[in-house]
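Step one of this worksheet: look at the structure below.
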Amino acid sequence: MKNKKVNNNSNEKKEDDKLKKKNGLVSPNEIASNSNLWQQYSPMVWSEMYNEYINYTRRMTEIYNEYAKSSQRMTKLYKELAANAEKMTKLYKESANSTEKMTKYWFHFLWTKPMSKNKE
């Protein structure tokens, strides 16, 4: 019989908790823990935490500004690199054309004037 009463009480308690949560009510235990938390973090502590947050925010802003500057510098360097790559491509094309002309010249020269065996 006692077990049934205990079960009924625990079931009722669970249903009460569900209703409180559903209706947005706060239990006295939760209120006590919040007041303990407030006492633990007095206005002085909150002020210190706020100051730390301000310092953190200031430093993060500095870091982001430095990042933005370095990103701009990297963009400029990549543009310069692209321009240099274009110049190098033109130079390689010129070099290839010159090499082709010289090869044709020497190939033609050697075929039209074969070295005689006596001259060797």
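Computed from a predicted model, the values in this text were never measured in an experiment.
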Do [X] and [Y] land in one hydrophobic cluster if side-chain heavy atoms of ILVMFWY residues count as linked below 4.5 Å?
X: Tyr56; Y: Ile63; value: yes
X: Tyr67; Y: Met60; value: no
X: Phe109; Y: Met102; value: yes
X: Tyr53; Y: Met49; value: no

What's the spacing between Tyr92 OH and Thr99 OG1 if we round to 0.5 Å? 12.0 Å
So how far is it from Arg58 CZ to Thr61 OG1, rounded to the nearest 0.5 Å? 9.0 Å
Take a 6.0 Å sphere around CD of Glu62 and say whether it holds more than 12 heavy atoms from other residues, nucleotides or ligands. yes
Which residue pairs satisfy the salt bridge (charged side-chain N to carboxylate O under 4.0 Å, His left out) criterion with at least one member in residues 93-106, sequence neighbours excluded? Glu100-Lys104
Salt bridge (charged side-chain N to carboxylate O under 4.0 Å, His left out) partners of residues 71-84, not counting sequence neighbours, each pair once: none
Pairing residues for Glu66 by the salt bridge (charged side-chain N to carboxylate O under 4.0 Å, His left out) criterion, not counting sequence neighbours: Arg59
